[in-house]
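What you see is a predicted model; the values in this text were computed from it and never measured.
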Amino acid sequence: MDDLKPILGCYGDKDIKTPNMDRLAARGTVFLNNACQQSVCGPSRASLMTGTVQVDETFIGGAKPGKRGRGAEGKALVLIIAQEKEKAAGRIRLRRIEDASSDSLEAAIKETVEPGTLIKTDGWAGYNGVKGLGYGHKVIRKTADVGDNLLPLCHREASLIKRWLGGTHQGAVSHEHQGCYLDEYTFRFNRRMSRSRGLLFLRLLQNAVVVEHTGYNEIALSVRGRKPKHKM
């Protein structure tokens, strides 16, 4: 219900009449202080990327001393896959990966990109095996060092994601739930041009029914202090 805000009868709103949602809420548990993006996880990765895509990684997390770049510690490494649509980005996919090794990068690419797609990357050695997986591969920048912005779609998304997490969510996104926040961003971005808000709400409800159940213990993974006991 994050997209609509809790403007429902079951949340105490006296002006909004939602009898069906109220009956559904009465049969379950109403969370007053939690945002759950589980229903957007499915549509965020329901189809494979095609055409031409730019692929790069970014680190997400607070400022920490130490090594910068692909070897940084204490942050989450996220793979960004952005589809080229003229000069803008079409669809995107975001994946948290363990590291920047070829095994991690190739596994994430196989999950999200259709074979035969042209993939543009920098010269990082972890991408060297992409062509052998059935993809076209074009190295835009021979070096993996920071330099000219030759993968602008990925870099733009990295900036927008960090601004969204730091602004809208005030940086209060735990590592345990970060994957779901990335799915939420993907869902929002890929449907930013949709003119049918009702259809978006329908898709959310449909996916809320079919996606895997999320229990209280999963939602409360990063609660600080003593956790309350709930039987659900």
So that I can tick it off, tell me whether K110 and E106 are bridged by a salt bridge, with the cut-off set at under 4.0 angstrom between side-chain N and carboxylate O.
no
With distance as the sole criterion, is a donor-acceptor pair present between the side chains of S101 and D103 under 3.5 Å?
no
Separation between CG of D183 and CZ of R93, rounded to the nearest 0.5 Å
9.5 Å
Would you find a donor on one side and an acceptor on the other, under 3.5 Å apart, between the side chain of N190 and the backbone of I92?
yes
Looking only at heavy atoms, the pair that brings T18 and C10 closest together is OG1-N, 4.5 Å
Look up atom CG in L182 and atom CZ in F189, then write down how far apart they are to the nearest 0.5 Å.
14.0 Å
Straight-line distance of Y185 OH to L160 CG, nearest 0.5 Å:
4.0 Å
Check the pair T121, V130 against side-chain contact (heavy atoms from CB on, under 4.5 Å), reporting the backbone distance first and the verdict last.
CA-CA 10 Å; T121 70; V130 167; 5.8 Å; no
Looking only at heavy atoms, the pair that brings E114 and T117 closest together is O-OG1, 2.7 Å
Hey, mind stepping through I60 and R96 against side-chain contact (heavy atoms from CB on, under 4.5 Å) and telling me if it holds?
CA-CA 10 Å; I60 294 179; R96 274 191 61 171; over 6 Å; no
Can you see which heavy atom on A108 is nearest to which on L79, and at what distance?
CB-CD2, 3.6 Å
R192 atom CZ, neighbour heavy-atom count above 12 within 6.0 Å:
yes
Rounded to the nearest 0.5 Å, the SG atom of C154 sits from the CG atom of L94 at a distance of 9.5 Å
Judged by atom type as modelled, is there a donor-acceptor pair below 3.5 Å linking the side chain of R156 to the main-chain atoms of L153?
no
Under a 3.5 Å distance rule, please check whether Q83 uses its side chain to pair with a backbone N or O of R91 as donor and acceptor.
yes
If you look at every heavy atom in L151 and V55, which pair is closest and at what distance?
CD1-O, 3.8 Å
Using every non-hydrogen atom in the two residues, find where E57 and A100 come nearest and quote the distance to one decimal.
OE1-CB, 4.1 Å
Show your reasoning for whether side-chain contact (heavy atoms from CB on, under 4.5 Å) applies to D13 and L8.
CA-CA 6 Å; D13 195 298; L8 299 168; over 6 Å; no
Within this structure, what is the OH-CD1 distance for the pair Y135 and I109, rounded to the nearest 0.5 Å?
7.0 Å
Any chain of hydrophobic side-chain contacts (each under 4.5 Å) joining L118 to L48?
no
In Å and rounded to the nearest 0.5 Å, what is the CG to CD distance from L77 to E98?
9.5 Å
Give the intermediate values and the outcome of side-chain contact (heavy atoms from CB on, under 4.5 Å) for residues Y127 and D122.
CA-CA 8 Å; Y127 295 110; D122 59 21; 3.8 Å; yes
If you take all heavy atoms of A89 and K85, which pair is closest and at what distance?
C-CB, 4.3 Å
Under 3.5 Å, is there a donor on one side chain and an acceptor on the other for T52 and K138?
no
